[in-house]
Amino acid sequence: MKIKKICCIGAGYVGGPTMAVIALKCPDIKVTVVDLNEERIVAWNGPLDTLPVYEPGLAEVVAAARGRNLFFSIEVDRAIEEAEMIFMAVNTPTKTEGEGAGMAADLSYVEACAKNIAKVAKTNKIVIEKSTLPVRTAEKIKEILDREGKEAHFEILSNPEFLAEGTAIQDLFKSDRVLIGGDETESGQKAVQTLIDIYLNWIPKEQILTTNVWSSELSKLASNAMLAQRISSINSLSALCEKTGADIDELSKAIGMDHRIGPKFLKASVGFGGSCFQKDILNLVYLCRYYGLDEVAEYWHQVIKINDYQKVRFAQKIIDHFGGDLTGKIIAILGWAFKANTNDSRESPAIYIAEKLFKAGAILEIFDPMVSKESIFKDIDFYWEASGTEDLKLRISVLDSVNELDLSIDAVAILTEWEAFKSLDFSKTIVFDGRGILSSSIYSIGKG
Ligand code: NAD
Ligand code: UGA
């Protein structure tokens, strides 16, 4: 079957970039990305320098395909109805209430999509899980589609996304692997082949891996867990380095030169952030407990516990440096995004570290090159209990440029690895560097 029309539900960090790349590489396929969030869709259709997602190279891809075969729309039902293939790229945050609150993935957005597809679809559809989902979610989706669908037949595939923010376009152009899980039935395998044919437009066939649906769903959670585990491993060792005089960067290099281990993802940091690592591991922990595998659950939970420990440890180090009280101290927070080259601050360590410093009395001057003032205040409102207080307005300012920093700052905390921060000169200021040199991170760049 040759696909002529694709619909993607969810125009976020995954839906937007992945569909832009599919549209670019498959000019004969009409790709419509839909979302209930009208503001987001307006932004996707707006100027290229204010797209809702900042990713190097994304604006160029959107410029080439938008209006040709790439469309952004709020007309969800219409796009579902006309497409032969539907990607679900909606959010799957950690549940905040009900059974599994604080651990399990909230599947309500995915279920709402499935219900919507069932309600609207009059012709057969291939429905693809692009969101990260707990193993066996496809079963639930199928149940909804079969129960609520009318005459149409649905084939469900799992095709998890492995892009990392900040390098999304490169990751999509040259994926290490494209993973497709499908049913072993004849119609399931046909659907798998249809999706393979789309990726073959730019991905070499050796890099396209097919598995059963459950392996594909679980591989995504497991991949994120293993990546995060490496970071927690190196971060845990950074604490030991600081006690012993060993240098964590030297350690990372020495460990990473073993080709069985490899050098990547061994950079000590203020802790990992982002919308996925924590939620996906919590979800994995929940699943293990659900299946009675308590030891396995505890093993993975430790990855999160070390990450929390690292964030607290970093903030405490600054507080301790000033004798346990930051009252009246002006601390510059450089970087709010959870990593460089993205405007995404979800679960950014900066949010938690800044909160701890603020609560210890500090006056904060915050700057990030890509995260807007509004987003920073939204994060503070959402995550901190101090939101809305007079104190907050008096002691926090978000700067438009790094040049606006108060000259009398007492310390600088660099919390995101933005390239632009590397050339800054903070003469006579104490710099707490979150770039992975925690063991030697308290240093003065004194010129005189
Ligand atoms: P996001 O929050 O940026 O985007 C999700 C979008 O879906 C939102 O704009 C929301 O309005 C929309 N939406 C929700 N329900 C809808 C509905 N019923 N109909 C129409 N639109 C709806 O999320 P994201 O970061 O793009 O992540 C999406 C999924 O991809 C998650 O499962 C995540 O774990 C996974 N993932 C994310 C990344 C990443 O780098 N962000 C990478 C790989 C996988
Ligand atoms: C991560 C995975 O890398 C992607 O493969 C996956 O698709 C995605 O999650 C997802 O499922 O959402 P992402 O979170 O965008 O991607 O970015 P990463 O590069 O993985 O960085 C995550 C966090 O780990 C950042 O806060 C980063 O600073 C931190 N990190 C990364 C370290 O502290 N040390 C390292 O060595 C590497």
Side-chain angles (χ1 to χ4, degrees), residues 7-19 33-41 43-44 52-53 55 72-77 79-80 86-94 105-117 129-134 137 159-168 171-172 175-177 220-221 223-228 230-235 238 252 256 263-281 283 307 310-311 335 337-342 344-350 415-417 434-436 438:
C7 160
C8 173
I9 310 178
Y13 284 85
V14 167
T18 52
M19 292 304 127
V33 192
V34 292
D35 207 297
L36 297 175
N37 182 337
E38 191 166 356
E39 205 184 316
R40 240 179 184 180
I41 293 299
W44 278 113
V53 170
E55 277 293 338
F72 296 94
S73 165
I74 51 165
E75 290 186 70
V76 180
D77 290 1
I80 291 175
I86 301 167
F87 286 84
M88 295 192 292
V90 295
N91 36 329
T92 50
T94 304
D106 177 353
L107 298 181
S108 59
Y109 301 94
V110 172
E111 286 167 9
C113 282
K115 284 185 183 159
N116 206 1
I117 295 170
E129 299 175 338
K130 193 48 130 173
S131 301
T132 302
L133 297 166
T137 303
N159 172 221
E161 185 47 60
F162 294 99
L163 68 80
E165 289 180 32
T167 53
D171 294 344
L172 289 165
S175 309
D176 285 350
R177 79 304 211 183
K220 172 63 197 176
L221 285 187
S223 296
N224 271 2
M226 293 201 63
L227 287 168
R230 278 173 76 100
I231 304 170
S232 279
S233 296
I234 206 73
N235 281 344
S238 75
S252 291
K264 294 192 176 150
F265 265 71
L266 285 181
K267 196 151 200 238
S269 62
V270 292
F272 58 75
S275 63
C276 294
F277 278 173
Q278 174 165 304
K279 88 160 162 68
D280 292 346
I281 296 175
N283 188 6
N307 199 49
Q310 188 76 344
K311 287 183 275 190
F338 81 96
K339 63 182 282 198
N341 294 321
T342 175
D344 191 351
S345 58
R346 290 176 289 180
E347 294 297 337
S348 176
L415 300 183
T416 313
E417 232 192 327
R435 284 180 289 176
L438 283 165

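Read the numbers this way: they start at 1 and go in the same order the structure lists the ligands and their atoms. The first residue in the sequence is number 1, and the count goes up from there. Below, all heavy atoms of this structure are taken into account, side chains as well, without hydrogens, waters or symmetry copies.
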Suppose we measure from atom 28 (C) of ligand 1 to each protein heavy atom; which comes out shortest, and what is that distance? Val90 O, 3.4 Å

Considering only heavy atoms, does Leu163 approach ligand 1 within less than 4.0 Å through its side chain, its backbone, both, or neither? both

The answer for which part of Glu111 has a heavy atom under 4.0 Å from ligand 1 is neither

Return the residue, atom name and 0.1 Å-rounded distance of the protein heavy atom closest to atom 38 (C) of ligand 1. Val14 CG2, 3.3 Å

Heavy-atom pairs closer than 4.0 Å: do any link ligand 1 to the side chain of Ile9, the backbone, both, or neither? side chain

Under 4.0 Å, heavy atoms only, figure out whether ligand 1 is touched by the backbone of Ala164, its side chain, both or neither. neither

In the protein, which heavy atom is nearest to atom 7 (O) of ligand 2, and how far is it? Leu163 O, 2.7 Å

Glu347/Lys279 ion pair, N-O < 4.0 Å: no

Part of Cys276 with heavy atoms under 4.0 Å of ligand 1, whether side chain, backbone, both or neither: side chain

Decide whether an N or O pair under 3.5 Å exists between Glu165 and ligand 1. yes

Would you say Arg40 and ligand 1 have an N/O pair spaced under 3.5 Å apart? yes

Of all the non-hydrogen atoms in the protein, which one sits nearest to atom 43 (C) of ligand 1, and at what distance? Glu161 O, 3.2 Å

